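Take a look at the structure below.
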Amino acid sequence: MVHLTRRSFLAAGAAGVAAVATRDLPAASRAELVWTDVEGWPIDGRAFADRKAPFDRLPARAEAVVREAVWKLSRDSAGMVVRFATTAPELHVRYRLSSDRLDMRHMPASGVSGVDLYGHDGKAWRWIEGTRPDRRDVAAKLFAGQPDRETPRHFLLYLPLYNGIEKLELGTLAAHAPTPLPPRAQRPILCYGTSILHGACASRPGLAWSAIVGRALDREVLNFGFSGNGRMEAEVAQFLVEPDPAVYVIDCLPNMTPELVAERTGPLVRQLRAARPSTPILLVEDRTFGNTWFVAKTAELHRQRRRALRDQYQRLLADGVADLHYLTGAELLGGDDEGTTDGSHPNDLGMMRQAEQVLAALRPLLAD
């Protein structure tokens, strides 16, 4: 564990990480804070040790293998969670974002570039606070004024969905430095998909459907959502077989034509099955656009893509591919057309609904 004072953080800034001014730390005790760099901790959602940057989702060697768009999107920290314990009566965070694109037209900065803190109340994970960045260098108080404790509380800090992080530190009083929770014994859930898995359009990172699933099952989720680029590519899948997940969730239809679905589903499933003979694979249909009832062309595209996936699923079963499962898409976001931000991407309500559907499909598949 590395404890950084403000002076050492300024030194780090000279090496390429901009320092955060003390005026950005809204606490009377700001001068007494000790900063802990989390880069060397075990972090949920970070599957590879050979990374080009600390919070990349694919290994450095993937840059020369996957398409440029996939590589760039893999630099976002979507799905990563810092798990830690502390007795601290107050907690601060400061971090440097990789990009100055802090928000999007349909997604706020709190989801694109914010971090999101949850704590365990003894029964369940509950939300505490998040950040709402207005610049690349973010500094915020996450809580203060808590009573002294002898027993540490457990926390989850979700990292930005559509931005990367160059450096992240937690600030506490010296006697309450946070410690990482040990790596999980259970195998993770590995998800491969599109912008919806990537996190669009959750208002904050903890409300992405993969995050909701992770909390509900108290299990690590590896998020390989690539916005606009979840296309069942063999070049991507060669890295997805390196971890040893408890289950694969394949949710790529929103980025694919019916022809691509017919062409790539079989090879992808066989590629995963060759490397992981006994790992369950869950194929997920595309969610239903919010205005499908009104736009016949969209309804027809859903029908064709789903038929293509169902046909491939049936063929794979007939060919003897074992432990292959299927989740229909018609009700992923609910049946009232209120589950999206822009017709396509789930809002927070839609994320909750998709998480419930995925959870119902996953629970029977998880043996460990």
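Predicted, not measured: the structure shown is a model, and the values here were computed from it.
A heavy-atom distance below 4.5 Å is found between the side chains of Ile250 and Met232. For the pair Leu159 and Val81, the minimum side-chain heavy-atom distance is 4.5 Å or more. Residues Thr279 and Tyr248 are in side-chain contact: their nearest non-hydrogen atoms beyond the backbone lie under 4.5 Å apart. Using a 4.5 Å heavy-atom threshold, the side chains of Leu58 and Phe224 count as touching. In this structure, Glu259 and Glu263 have side chains that are not in contact, with every pair of non-hydrogen atoms separated by 4.5 Å or more. In this structure, the side chains of Val269 and Leu283 come closer than 4.5 Å at one or more pairs of heavy atoms. The closest side-chain heavy-atom distance from Trp41 to Thr36 is below 4.5 Å. Two residues are said to be in side-chain contact when any heavy atoms from C-beta on lie closer than 4.5 Å; Val82 and Leu156 fail this criterion.
With hydrophobic clusters built from ILVMFWY side chains whose heavy atoms lie under 4.5 angstrom apart, Val221 does not share a cluster with Leu73. Ile281 and Val284 fall into different hydrophobic clusters, where Ile, Leu, Val, Met, Phe, Trp and Tyr are joined by side-chain heavy atoms under 4.5 Å apart, directly or via other members. With hydrophobic clusters built from ILVMFWY side chains whose heavy atoms lie under 4.5 angstrom apart, Ile165 does not share a cluster with Trp71. Under a hydrophobic clustering in which Ile, Leu, Val, Met, Phe, Trp and Tyr are joined whenever their side-chain heavy atoms come within less than 4.5 Å, directly or via other members, Met107 and Trp209 fall into different clusters. Under the 4.5 Å side-chain heavy-atom criterion for Ile, Leu, Val, Met, Phe, Trp and Tyr, Leu260 and Val236 are members of the same hydrophobic cluster.
Between the side chains of Glu338 and Asn347, not a single donor N or O lies within less than 3.5 Å of an accepting N or O. Inspection of the Ser195 and His345 side chains reveals an N or O donor paired with an N or O acceptor under 3.5 Å. For the residue pair Arg153 and Gln146, a side-chain donor N or O sits within less than 3.5 Å of a side-chain acceptor on the partner. A side-chain donor-acceptor contact under 3.5 Å links Asn223 and Ser210.
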(message) Run Leu272 and Val241 through side-chain contact (heavy atoms from CB on, under 4.5 Å) and show every step you take.
(response) CA-CA 6 Å; Leu272 299 179; Val241 300; 3.7 Å; yes
(request) In sequence, state the C-alpha distance, the side-chain angles, and the governing distance for Asp218 and Arg184, and then conclude on salt bridge (charged side-chain N to carboxylate O under 4.0 Å, His left out). (result) CA-CA 9 Å; Asp218 201 15; Arg184 298 177 187 271; 3.2 Å; yes
(request) Apply side-chain hydrogen bond (donor to acceptor under 3.5 Å, both in side chains) to Asp348 and Ser203, showing your working. (result) CA-CA 7 Å; Asp348 293 341; Ser203 65; 2.6 Å; yes
(message) Using the rule given for side-chain contact (heavy atoms from CB on, under 4.5 Å), can you reason through Leu168 versus Val115, listing the C-alpha separation, both sets of side-chain angles and the distance that settles it, and then say yes or no?
(response) CA-CA 10 Å; Leu168 186 144; Val115 298; 4.2 Å; yes
(message) Run the side-chain contact (heavy atoms from CB on, under 4.5 Å) test on Cys201 and Met104 for me, step by step, so that the C-alpha distance in whole Å, both residues' side-chain angles and the decisive distance to 0.1 Å come before the verdict.
(response) CA-CA 9 Å; Cys201 287; Met104 296 188 285; 5.9 Å; no
(request) Assess whether side-chain contact (heavy atoms from CB on, under 4.5 Å) is satisfied between Asn163 and Ser98, documenting all intermediate values. (result) CA-CA 6 Å; Asn163 210 328; Ser98 302; 4.1 Å; yes
(request) Just do the side-chain hydrogen bond (donor to acceptor under 3.5 Å, both in side chains) check on His176 and Thr87 with the steps written out, would you? (result) CA-CA 6 Å; His176 302 277; Thr87 57; 2.7 Å; yes
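Here the CG atom belonging to Leu309 is positioned 9.0 Å from the CG atom belonging to Asp311, to the nearest 0.5 angstrom. Distance CD/Glu356 to CG/Leu333: 11.5 Å, rounded to 0.5 Å. Note: Asp116 CG to Ile128 CD1 = 10.0 Å, rounded to the nearest 0.5 Å. With rounding to the nearest 0.5 angstrom, the CG atom of Leu161 is 11.5 Å from the CE atom of Met80.
Within a 6.0 Å radius of CZ in Arg149, other residues, nucleotides and ligands contribute more than 12 heavy atoms. Remark: Glu242 CD is packed, more than 12 non-hydrogen atoms of other residues, nucleotides or ligands lying under 6.0 Å away.
The pair Arg67-Glu233 meets the salt-bridge criterion, since a charged nitrogen lies less than 4.0 angstrom from a carboxylate oxygen. Ion pairing between Arg303 and Glu300 holds under the 4.0 Å rule for side-chain N and carboxylate O. Salt-bridge formation is detected for the pair Arg94/Glu169: a Lys NZ or Arg NE/NH1/NH2 atom is positioned less than 4.0 Å from an Asp or Glu carboxylate oxygen. Using a cutoff of 4.0 Å between basic side-chain nitrogens and carboxylate oxygens, Arg273 and Asp319 are not scored as salt-bridged.
Across Glu166 and Arg136, no two heavy atoms sit closer than the pair OE2-NH2, 3.2 Å. Taking all atoms of both residues into account, the shortest heavy-atom contact from Leu181 to Ala85 is CD2-CB, 3.9 Å. When every heavy atom of Pro254 is checked against every heavy atom of Ile196, the shortest pair comes out as CG-CD1, 4.4 Å. Of all the heavy atoms in Tyr95 and Val93, the pair that sits closest is CD2-CG2, 4.0 Å. The minimum heavy-atom distance between Pro180 and Pro42, with the atom names listed, is CB-CD, 4.1 Å. Annotation for Thr341 and Pro346: closest pair OG1-O, 3.9 Å, computed over non-hydrogen atoms.
A donor-acceptor pair under 3.5 Å is formed between the side chain of Arg46 and the backbone N or O of Pro54. Judged purely by atom type and a 3.5 angstrom limit, Ser110 has no side-chain atom pairing as donor or acceptor with the backbone of Thr131. With hydrogens and angles disregarded, no donor-acceptor distance shorter than 3.5 Å links the side chain of Asn255 to the backbone of Arg231. In terms of modelled atom types and a separation under 3.5 Å, the side chain of Thr328 and the main chain of Ala330 share no donor-acceptor contact. A donor-acceptor pair under 3.5 Å is absent between the side-chain atoms of Arg57 and the main chain of Gly45, judged by distance alone. Between the side chain of Glu285 and the backbone N or O of Gly329, at least one donor-acceptor pair lies under 3.5 Å. Judged purely by atom type and a 3.5 angstrom limit, His198 uses its side chain to pair as donor or acceptor with the backbone of Gly225. A donor-acceptor contact shorter than 3.5 Å is absent between the side chain of Asp244 and the backbone of Arg187.
Each of Arg51, Arg75, Lys52 was scored for a salt bridge (charged side-chain N to carboxylate O under 4.0 Å, His left out) with Glu63, with one residue passing: Lys52. Among Asp76, Asp103, Leu102, the one residue that satisfies the side chain to side chain contact (heavy atoms under 4.5 Å, CB included) test with Tyr162 is Asp76.
Tyr313 and Tyr326 have tilted rings, their planes meeting at an angle from 30° to 60° on a 0 to 90° scale. Ring geometry for Phe48 versus Phe239: interplanar angle over 60°, hence perpendicular rather than tilted (30 to 60°). Classified by interplanar angle (parallel below 30°, tilted 30° to 60°, perpendicular above 60°), the ring pair His302/Phe289 is tilted.
For Arg215 and Tyr118, the positive end sits near the middle of the six-membered ring, less than 6.0 Å away and at most 45° from its axis.
Judged as a side-chain hydrogen bond (donor to acceptor under 3.5 Å, both in side chains), and not counting sequence neighbours, the contacts of Thr288 are Arg306.
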